[in-house]
Undergrad: 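Sharing a structure here in structure tokens format.
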There are 2 protein chains.
Amino acid sequence: MVVEELSDEAVDRLFHALADATRRDILRRCGRDDLSVSRLAEAYPMSFAAVQKHVAVLERAGLVTKERRGREQLVHTDPEAVEKARRALDELAAAWLGRIGRMAALLEQAQEETEDP
Amino acid sequence: MVVEELSDEAVDRLFHALADATRRDILRRCGRDDLSVSRLAEAYPMSFAAVQKHVAVLERAGLVTKERRGREQLVHTDPEAVEKARRALDELAAAWLGRIGRMAALLEQAQEETEDP
DNA sequence: CTCTTCTACAACCATTTGGTTGTAGGTTAG
DNA sequence: CTAACCTACAACCAAATGGTTGTAGAAGAG
């Protein structure tokens, strides 16, 4: 897997897509099972078209892909997507917590005990 | 620090706040050094009031806090904020990547889960 | 005290977002 | 073939976003 640099716009789209409870729920559902858009739409108190738009936002952010299966379009969450988001967070953290030397270790080891001054 | 559960609205605010390049840059700058709002405003091609609004968004999301210092208001990023965002991502990942065994190992290795229900 | 600086906040405006309905095009079932 | 189903997309609307300017209040500097 290639470690692609994420542009500002890509990070914008990523976090924007994640900033909505319905879209996060779609990610969860389509992570467990690939679902068609209309199957998804049954789960939410909104129109089919609205769900279609949410899926489009997720797709533009690279969080899901669609695959034609007959007359249905199956949505499935990209397993690498979470890594992209995590990497974006890590880059931010590396920059903004640079003054706390401890963060370097935190990044390598991901997380450890977080309480000492 | 207690591991607080993040409400849907809190996660919304978190990711929404992160979905803007100017705000991410503010986080970086105020991670290296606490800066007053007007000092920050000098760095961006927009008005003081606009920067003030960005800081307010970050503050509502819990990513920064403001501390009065004389007539200035120093902004500094909350070192725990990145952990909150990371935890939100981890919870999402745990739910949506449950079917991919590989991810479980990654999560365990990346973050020692310190909860017992 | 007076002047300047820093901040807060209201009012306003253009654009985007999140929702709706409606229409049209493919694809499968009978 | 015809009917039913799934999807794509346009047009529209209310509300939120991201920006502006302007006014007013606190706090330091001189």
Undergrad: Looking at A/Gln52, does any N or O in its side chain come under 4.0 Å of the phosphate oxygens OP1/OP2 on D/dT7?
TA: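 For A/Gln52, the contact criterion (side-chain N or O under 4.0 Å from OP1 or OP2 of D/dT7) is not met.
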Undergrad: With a 4.0 Å cutoff (strictly under), does any side-chain N or O of B/His54 reach OP1 or OP2 of D/dT17?
TA: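 B/His54 to D/dT17 OP1/OP2: no side-chain N or O under 4.0 Å.
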Undergrad: Rounded to whole Å, how long is the line connecting atom CG of A/Leu74 with atom P of D/dA8?
TA: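 After rounding, the reported distance stands at 11 Å.
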Undergrad: Rounded to whole Å, how long is the line connecting atom CG of B/Asp20 with atom P of C/dT16?
TA: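 Result: 14 Å.
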Undergrad: Using a cut-off of 4.0 Å between protein heavy atoms and nucleotide atoms, how would you tag nucleotides 23-30 of chain C 5' to 3' with B, S and -?
TA: ----BB--
Undergrad: Are any non-hydrogen side-chain atoms of A/Val75 and A/Leu35 less than 4.5 angstrom apart?
TA: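 A side-chain contact under 4.5 Å is absent here.
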Undergrad: Sequence neighbours left out, what passes side chain to side chain donor-acceptor pair (under 3.5 Å) with B/Asp20? Give chain and number order.
TA: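 Not a single residue meets the side chain to side chain donor-acceptor pair (under 3.5 Å) criterion with B/Asp20.
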Undergrad: List, one per line, each side-chain donor-acceptor pair under 3.5 Å for residues 39-52 of chain B, sequence neighbours excluded.
TA:
residue: B/Tyr44; atom: OH; partner: B/Asp25; partner atom: OD2; Å: 2.6
residue: B/Tyr44; atom: OH; partner: B/Ile26; partner atom: N; Å: 3.4
residue: B/Tyr44; atom: OH; partner: B/Arg29; partner atom: NE; Å: 3.2
residue: B/Ser47; atom: OG; partner: B/Ala50; partner atom: N; Å: 3.2

Undergrad: Send over the distance from B/Glu59 CD to C/dC9 C1', rounded to a whole Å.
TA: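 Going from CD in B/Glu59 over to C1' in C/dC9 covers 14 Å.
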Undergrad: Starting from the 5' end of DNA chain C, give me the residue, A/Ala19 or A/Ala49, whose nearest nucleotide shows up first.
TA: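 Nearer the 5' end of the strand: A/Ala19.
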Undergrad: Just jot down the side chain to side chain donor-acceptor pair (under 3.5 Å) partners of B/His16, sequence neighbours excluded, or say none.
TA: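 With sequence neighbours excluded, B/His16 shows a side chain to side chain donor-acceptor pair (under 3.5 Å) to no residue whatsoever.
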Undergrad: I need the A/Leu92 CG to A/Phe15 CZ distance, nearest 0.5 Å.
TA: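 Separation between the atoms: 6.5 Å.
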Undergrad: If I take atom CZ in residue B/Phe15 and atom C1' in nucleotide D/dT17, what distance separates them, rounded to the nearest angstrom?
TA: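 Spelled out: CZ on B/Phe15 to C1' on D/dT17 is 20 Å.
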Undergrad: Under a 4.0 Å N-O cut-off, is there an ion pair linking B/Arg69 with B/Asp34?
TA: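 So B/Arg69 does not pair with B/Asp34 through a salt bridge.
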Undergrad: I'd like to check A/Asp90 versus B/Arg86 (side-chain heavy atoms, cut-off strictly below 4.5 Å). Are they in contact?
TA: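 Contact flag for A/Asp90/B/Arg86 side chains = yes.
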Undergrad: Hey, can you pull the residues of residues 36-47 of chain A with a non-hydrogen atom under 4.0 angstrom from DNA chain C?
TA: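 Residues of residues 36-47 of chain A under 4.0 Å from DNA chain C: A/Met46, A/Ser47.
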Undergrad: What is the separation between atom CZ on A/Arg13 and atom P on C/dT16, rounded to the nearest whole Å?
TA: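 One finds 14 Å between P of C/dT16 and CZ of A/Arg13, rounded.
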Undergrad: Taking only residues two or more places apart in sequence, or in another chain, which ones meet B/Ala10 in a side-chain contact (heavy atoms from CB on, under 4.5 Å)?
TA: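 With sequence neighbours excluded, B/Ala10 shows a side-chain contact (heavy atoms from CB on, under 4.5 Å) to B/Leu6, B/Ser7, B/Arg13, given in chain and number order.
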Undergrad: Counting just side-chain N and O atoms, does A/Lys66 come under 4.0 Å of either OP1 or OP2 of D/dA8?
TA: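 Checking D/dA8 against A/Lys66, a side-chain N or O does come within under 4.0 Å of OP1 or OP2.
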Undergrad: Rounded to whole Å, how long is the line connecting atom CZ of A/Arg60 with atom C1' of C/dT16?
TA: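 Between C1' of C/dT16 and CZ of A/Arg60: 11 Å.
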Undergrad: Closer than 4.0 angstrom, basic N to acidic O: yes or no for B/Lys84 and B/Asp78?
TA: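 No salt bridge links B/Lys84 with B/Asp78.
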Undergrad: Between the opening five pairs and the closing five pairs of the helix from C/dC1-D/dG30 to C/dG30-D/dC1, how far apart are the helix axes, to 10°?
TA: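 Inter-axis angle at the termini of the helix from C/dC1-D/dG30 to C/dG30-D/dC1: 30°.
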Undergrad: Would you mind telling me which residue lines up with the more 5' stretch of DNA chain D, A/Glu72 or A/Lys53, judged by nearest nucleotide?
TA: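 Nearest nucleotide further toward 5': that of A/Glu72.
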Undergrad: Measuring from atom OG of A/Ser36 to atom CG of A/Leu74, what distance do you get when rounded to the nearest 0.5 angstrom?
TA: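 Answer for the OG-CG pair, A/Ser36 versus A/Leu74, is 6.5 Å.
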Undergrad: Donor-acceptor pairs are to be reported for all side-chain atoms of residues 58-65 of chain B against protein atoms at under 3.5 Å, with residues two or more places apart or in another chain.
TA:
residue: B/Thr65; atom: OG1; partner: B/His76; partner atom: ND1; Å: 3.2

Undergrad: Using whole Å, what does the distance between atom P of nucleotide D/dG22 and atom CZ of B/Phe48 come to?
TA: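 Between P of D/dG22 and CZ of B/Phe48: 16 Å.
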Undergrad: May I have the distance from B/His16 (atom NE2) to C/dT17 (atom C1'), rounded to whole angstrom?
TA: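 Whole-Å distance recorded here is 11 Å.
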Undergrad: So B/Val55 and B/Lys66, do their side chains get closer than 4.5 Å, heavy atoms only?
TA: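 Of all side-chain heavy-atom pairs linking B/Val55 with B/Lys66, at least one is under 4.5 Å.
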